[in-house]
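Data block below; observations after.
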Amino acid sequence: MRFLRLLCRDPLPALCLLALVCCAPPVRAAEAECSAEPAEARERAQECERPRLFEELLVVGSEAEALRVPGSAHVIGRRELERQEHSDVHRVLRRAPGVSIQEEDGYGLRPNIGIRGTGVERSQKVTLLEDGVLVAPAPYAAPSAYYAPTAGRMEGFEIRKGSGAIRQGPYTNGGAINYLSTGIPGALRARLQLAAGDDELRRAHATVGDSGPRVGWLFETYQLSTDGFKRLDGGGATGFELEDYLGKLRLTSRPGATLFQALELKLGKTRQEGDETYLGLTQSDFERDPYRRYASSAGDRIVTDHEQLQLSWYVDPAGPFDLTATLYRNDFFRNWHKLESVGGVGVAAVLAAPDLHPGRLAVLRGEADSAPGALAVRNNRRDYYSQGLQIVAGLDLGGRWGHELAIGVRAHEDGEDRFQEEDLYRMESGRRVFERFGAPGSQANRVADARALALFVEDTFTSGRWTWTPGVRVEAIELTRRDFGTADPLRTGASLSVRRNDLTEVIPGLGVGYRLSAATILFLGVHRGFSPPAPGSTEEVASEESVNYELGWRLDRGDLDAELVLFANDYDNLLGTDTTSGGGGGTGEQFNGGEARLQGLEAGFGVELARASGGALRLPLRLAYTYTDSEFRTSFLTGFADWAPRVERGDELPYLAEHQLFAGLGVEGGRWAVHLDAHYSDEMRTNAGRGPIPAGERIGSRLLLDVRAELELGAGFEVWGQLLNATDETYVAARRPAGLRPGRPRALLFGLSWDFPGRR
């Protein structure tokens with residue numbers, strides 16, 4: 001497998017970790033209790049097992065520990081995920097205030113996520129992690145997330161804003177999202193979930209794992225397929241197939257010694273094949289049939305392959321010190337073979353102004369034959385890698401101020417290899433007909449690499465009711481782009497051009513918390529935001545920089561939690577990146593947006609209500625509200641698609657709803673439960689502007705309702721049914737990259753779950 005190249009090429013870091021574990025003193029008895037105690041007690045300790053062993057890989061820690069964080073932090077745990085359909089990460093993250101999303105395919109396969117007004121397109125301005133490790137295909141060189149971890153196999157999500165800037169990076173303007181994969185259980189446990197639904201949806205999720213005194217293991221697979229909810233002119237597939245496999249192995253020191261250690265190996269592989277396109281619809285066609293797909297998109301297909309390796313070592317000697325070291329490697333390949341242009345004009349331009357291109361539109365619809373080679377279908381073929389070693393040490397200094405010091409270093413490198421060409425087709429009798437292959441590498445032939453050394457120091461100290469968390473992060477980054485030219489497919493270097501960017505950024509921050517009571521805290525944060533430029537950026541392109549402020553109040557009384565946060569992000573320079581998925585040309589060119597300001601309010605509330613008569617029923621309620629106000633603070637001309645052609649001071653940012661609201665209410669009995677989730681999103685504009693939104697730049701408001709009911713049958717079995725978009729709301733998910741795209745219509749699912757040795 002490709003992820004073994006790292007060990008074969010440079011095995012020294014891994015061998016050093018293994019040597020440290022093998023030669024170090026064994027674990028002391030007090031620290032071995034999770035492995036040594038009886039199975040029943042280990043099972044009760046399962047929830048604390050992950051933070052106990054690898055707490056430095058978390059961005060929050062737990063729902064209880066979120067109260068101690070002097071900043072906005074949220075944990076969506078396993079029980080919350082079980083109360084809803086969570087194979088779609090967009091549906092999961094609606095529960096957290098401050099998070100913005102833009103749907104694309106209806107299933108959340110390629111998420112578009114922003115935090116506190118950062119751009120949502122391909123989640124490129126958010127630090128995405130899985131188990132504390134950077135997981136975007138190439139986080140520095142090409143951060144657009146054409147890959148994201150499979151949400152359905154996760155047992156939790158952590159969202160950290162503002163105060164997460166110090167520990168997490170490199171993107172610190174908005175925040176970080178940490179996907180938490182299924183942990184190794186404390187005792188023998190197995191689970192099988194099967195589901196089926198509309199559009200021939202099939203889903204299977206299986207896990208099995210166990211822990212002994214010194215060895216723990218887990219195997220997991222997640223399978224998802226559907227024929228899709230769109231209807232292709234002339235017939236054909238519009239769905240996808242996804243396969244995800246994960247294995248974990250953990251070794252710990254023997255019971256009864258003086259040093260606790262754990263070594264955990266995680267291996268994963270995800271493959272996806274989808275009959276998906278970038279081609280949307282004109283406004284008039286969307287109004288007639290929003291789920292139509294034009295005949296010219298037949299044959300558009302994406303294939304992806306992701307492999308991951310993560311080796312984590314945790315050591316906790318007798319004393320106030322602990323250390324977590326993680327060696328990681330991610331390899332990702334994708335090829336999206338999709339329609340790019342018709343008659344020499346990009347499909348986005350045709351659908352943006354159909355009256356100017358009636359002939360080309362007729363070809364796209366399959367209503368007219370085309371000239372030979374009129375349809376250009378691009379092989380967007382790219383290889384990515386990401387690898388590194390990160391070490392985080394924790395030191396509890398105690399004393400009068402109760403210092404807890406965290407020091408971390410990450411040596412990282414990643415890269416993107418673009419080797420793309422366009423094949424030619426024609427439209428004939430409503431069918432896309434192949435004509436000839438394009439010359440290999442004739443559309444793009446370049447390699448981008450990034451090397452980064454990141455260090456952070458963060459000190460949390462307390463005095464009475466006060467908690468202070470000052471810190472600083474330093475990012476030293478080397479970016480290189482080598483363009484071999486479209487006439488040099490063998491990469492001889494005959495026409496090679498090279499661009500290099502070196503930068504060092506210091507990112508300071510301070511969080512202050514004041515505890516009003518044992519369950520209530522006030523907090524204030526001031527942190528610097530930063531996003532690096534892309535490899536090959538010209539000298540005129542500056543880094544994205546901001547100063548981020550937050551003022552908040554948080555309450556946690558066990559069955560009642562609430563949070564209210566005011567935030568403001570002042571940008572010295574906002575960056576926009578030209579991508580095909582954003583409706584641009586896919587050049588990767590970046591554009592300065594100058595000064596901008598985003599500010600708003602986040603509110604969250606959760607309560608577990610019980611009926612007075614012995615608490616026979618539980619009534620979980622969760623609310624999340626986000627208000628966001630945005631404006632450019634400078635005027636300028638630009639070629640960036642979302643802003644073009646001109647931005648005036650006071651214009652609002654695109655793809656950012658002013659109001660968002662989530663409400664989830666459940667009724668739970670002893671063996672049954674019913675849950676209702678509602679999500680409202682205000683209207684938003686698709687181009688920078690102000691005042692009333694023009695019809696061609698408007699995405700309307702929407703209210704979506706999901707309902708789920710479940711019944712325990714005994715012996716570990718449970719049946720459930722779910723109705724997504726219960727009111728069958730028809731809505732526009734996006735107007736990019738080419739035309740209007742619909743959200744997922746009403747869908748009915750049924751499932752069966754089996755747990756051994758019973759419900760968790």
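All heavy atoms count here, side chains included; hydrogens, waters and symmetry mates do not. From a predicted model like this one, the values you see are computed outputs, not experimental measurements.
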Quiz item: Quick one: ring-ring contact (aromatic ring centres under 6.0 Å, His included) partners of His679, sequence neighbours excluded?
Solution: none
Quiz prompt | Sequence-distant partners of Glu608, salt bridge (charged side-chain N to carboxylate O under 4.0 Å, His left out), two or more places apart | solution = Arg83, Arg618
Quiz prompt | With sequence neighbours excluded, residues passing salt bridge (charged side-chain N to carboxylate O under 4.0 Å, His left out) with Glu422 | solution = Arg378
Exercise. Compute the ring centroids of Tyr384 and Phe333, then answer whether they are less than 6.0 Å apart.
Key: no
Quiz item: Which of parallel (below 30°), tilted (30 to 60°) and perpendicular (above 60°) describes Tyr107 and Phe229?
Solution: tilted
Quiz item: What is the ring orientation for Trp754 with Phe717, classed by angle as parallel under 30°, tilted 30 to 60°, or perpendicular over 60°?
Solution: tilted
Have [X] and [Y] got a donor and an acceptor in their side chains that come within less than 3.5 Å?
| X | Y | value |
| --- | --- | --- |
| Gln420 | Arg382 | yes |
| Glu220 | His205 | yes |
| Gln223 | Ser225 | no |
| Tyr294 | Asp285 | yes |
| Asp131 | Ser181 | yes |

Does this structure show an ion pair linking [X] with [Y], if we count only N-O contacts that are shorter than 4.0 Å?
| X | Y | result |
| --- | --- | --- |
| Arg708 | Glu710 | yes |
| Lys269 | Asp305 | yes |
| Glu82 | Arg191 | yes |
| Arg292 | Asp233 | yes |
| Arg690 | Glu652 | no |
| Arg116 | Glu602 | yes |
| Arg622 | Asp561 | yes |
| Arg431 | Glu428 | no |
| Asp677 | Arg91 | no |
| Asp651 | Arg685 | no |
| Arg78 | Glu155 | yes |

Any heavy-atom pair between the side chains of [Y] and [X] that's under 4.5 Å?
| X | Y | result |
| --- | --- | --- |
| Trp672 | Glu712 | no |
| Leu364 | Arg360 | no |
| Arg744 | Asn725 | no |

Assess [X] against [Y]: is NZ or CZ under 6.0 Å from the centre of the six-membered ring, and within 45 degrees of the ring's axis?
| X | Y | result |
| --- | --- | --- |
| Arg736 | Tyr655 | yes |
| Arg432 | Tyr425 | yes |
| Arg153 | Tyr222 | no |

Which heavy atom in [X] sits nearest to a heavy atom in [Y], and how many Å separate them?
| X | Y | result |
| --- | --- | --- |
| Ala688 | Trp643 | CB-CA, 4.2 Å |
| Ile699 | Ala734 | CD1-CA, 3.7 Å |
| Phe332 | His306 | CD1-CB, 3.8 Å |
| Gly743 | Tyr291 | O-CE2, 3.5 Å |
| Ala738 | Val347 | CB-CG2, 3.8 Å |
| Pro149 | Met154 | CB-CE, 3.5 Å |

Quick check against the 3.5 Å criterion: does [X] have a side-chain atom that pairs as donor or acceptor with the backbone of [Y]?
| X | Y | answer |
| --- | --- | --- |
| Tyr171 | Pro139 | yes |
| Asp300 | Leu339 | yes |
| Thr304 | Arg334 | no |

Practice problem: Step by step, work out the salt bridge (Lys or Arg N to Asp or Glu O under 4.0 Å) result for Lys230 and Glu276. | Solution: CA-CA 10 Å; Lys230 297 177 184 177; Glu276 188 55 270; 3.8 Å; yes
Quiz item: Given the rule in the side chain to side chain donor-acceptor pair (under 3.5 Å) test, do Asp244 and Thr270 qualify, once you have shown the distances and angles that lead to the verdict?
Solution: CA-CA 4 Å; Asp244 195 322; Thr270 305; 3.2 Å; yes
Exercise. Could you walk me through whether Glu273 and Arg301 pass side-chain contact (heavy atoms from CB on, under 4.5 Å), step by step?
Key: CA-CA 7 Å; Glu273 296 184 11; Arg301 186 170 180 79; 2.6 Å; yes
Quiz item: In Å and rounded to the nearest 0.5 Å, what is the CD1 to CG distance from Ile302 to Asp105?
Solution: 9.5 Å
Quiz item: Does atom CZ of Phe750 have more than 12 heavy-atom neighbours from other groups under 6.0 Å away?
Solution: no
Quiz item: In this structure, which one of Glu121, Gln124, Glu104 forms a side-chain hydrogen bond (donor to acceptor under 3.5 Å, both in side chains) with Asn112?
Solution: Glu104
Exercise. Go through the steps for Ser296 and Leu279 under the test side-chain contact (heavy atoms from CB on, under 4.5 Å), then give the verdict.
Key: CA-CA 9 Å; Ser296 55; Leu279 186 63; 3.4 Å; yes
